[in-house]
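Take a look at the structure set out below.
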Amino acid sequence: MSEVKLLGTGASVPEKIVTNHDLARLVETSDEWIRTRTGICRRHIVTGESLTSMSVDAAKKALDASGLSPLNLDMIIVATLTPDEPLPNASSAVQKALGAVNAFCFDLSAACSGFVYALGCGAMYIKGGAAKHVLVIGAEILSKIVNWEDRTTCILFGDGAGAAVLGPSEEPGFLGMSMGTDGSRGHTLKMFERDIDNPFMTDAQRAAANMEADADGNLRPKSRYVYMDGSEVFKFAVKKVPESIQQVLKEQQVTVEDVDHFVLHQANYRIIESVAKRLKASMDKFIITIDEYGNTSAASVPLALDELMHSGKVKKGELIMISGFGGGLTWGSILMRIV
Ligand code: COA
């Protein structure tokens with residue numbers, strides 16, 4: 001059994017910045033509403049980048065920071081719900097672009113918890129001896145699944161990619177994790193992709209597969225855009241995130257005070273504030289990137305982690321708590337030590 005540590009991180013966001021004022025020209029909203037309700041000031045939206053190009057850019061930076069070449073990688077995981085194409089998967093496209101020919105690759109789908117799950121997965125492969133150097137990426141182009149006419153969702157999301165490289169270690173850098181899922185509440189964050197439609201179906205079967213009832217009971221095609229019950233997701237997050245963090249702390253026999261930095265999924269500034277309050281932790285320990293990037297789903301935690309690692313605030317021996325939550329509903333927390 002090998003110990004595991006974080007070797008390096010990287011980030012990449014699209015060049016195009018879309019401000020709240022830009023959105024106020026598209027839908028009925030205002031900079032003031034968006035800032036006060038979410039903490040978001042701007043987000044980066046793809047105009048020429050692809051999920052693969054952002055992922056590769058972030059991966060190269062993470063590899064540089066780790067002092068490794070793509071040939072050192074033996075595993076690549078990309079957490080995403082918006083791959084450029086379902087086939088080939090995003091991680092294989094990244095492997096090709098990097099020339100990481102020694103790595104086996106797969107994508108992981110767990111919405112905004114995706115990166116945290118992928119990091120846990122990569123660490124377990126190393127601990128179990130099945131991999132040595134693992135590249136973990138969280139990347140999204142949420143702008144392609146957002147309804148730009150729906151002010152309740154389009155103001156929240158952004159695009160980007162973040163990467164981390166894990167490797168073997170003498171000292172324990174990956175201390176513990178706690179993951180959870182509540183599929184019974186999956187309907188609070190959802191999106192349908194393609195119709196099930198083949199020559200062997202009856203019209204009734206086609207309708208059953210591809211239509212759903214609206215609030216008035218009328219049938220309509222399932223939404224191809226992100227649907228979200230914002231207040232339900234909010235309530236879920238402020239309850240589950242502190243619980244999952246507390247569970248990891250308890251298992252590792254450390255306290256909230258012992259944690260030096262909290263890297264949470266950036267969905268809403270008020271959610272982070274509320275988690276800090278419930279944990280009785282100082283907001284100074286929480287990295288905030290939501291103002292700049294909005295909610296970038298699986299990319300949000302690695303973007304925030306990269307910002308923290310480059311902030312000059314992190315010292316050897318410090319503890320970092322990473323926590324994600326989102327569609328599924330899913331949640332997960334990981335405690336790491338910088339070694
Ligand atoms: N601009 C202006 N007004 C808006 C608006 C916008 N962009 N979006 C919604 N509103 C309106 C609503 O229509 C509502 O009007 P009404 O009172 O006349 O009905 C009012 O603002 C309040 O809406 P509400 O949904 O109660 O606001 P809120 O304070 O709950 O904030 C969210 C909404 C989405 C910001 C918040 O619920 C949230 O962040 N939820 C979690 C989302 C999330 O984390 N999603 C991803 C999970 S990974």
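Model, not experiment: these values are computed from the prediction. As the structure lists them, so they are numbered: ligands from 1, and atoms in each ligand from 1. No hydrogens, no waters, no symmetry mates; every other heavy atom, side chains included, goes into these values.
Heavy-atom neighbours of Arg194 CZ from other residues, nucleotides or ligands within 6.0 Å: at or below the threshold of 12. Taking a 6.0 Å sphere around NZ of Lys60, one finds it holds 12 or fewer heavy atoms contributed by other residues, nucleotides or ligands. Annotation: Lys285, atom NZ; neighbour count of heavy atoms from other residues, nucleotides and ligands within 6.0 Å is above 12. Within a 6.0 Å sphere centred on CZ of Phe104, heavy atoms belonging to other residues, nucleotides or ligands number more than 12.
The immediate protein surroundings of ligand 1, defined as residues with any heavy atom under 4.0 Å of it, consist of Glu28, Thr29, Trp33, Arg37, Thr38, Cys112, Arg151, Thr152, Ile155, Leu189, Met228, Gly230, Ser231, Val233, Phe234, His265, Ala267, Asn268, Arg270, Ile271, Asn295, Phe325, Gly326.
A search for side chain to side chain contact (heavy atoms under 4.5 Å, CB included) contacts involving Ala100 returns Pro70, Leu73, Ile76, Gln95, Leu98, Ala103, not counting sequence neighbours.
The CD1 atom of Ile287 lies 9.0 Å from the CG atom of Leu305; values are rounded to the nearest 0.5 Å.
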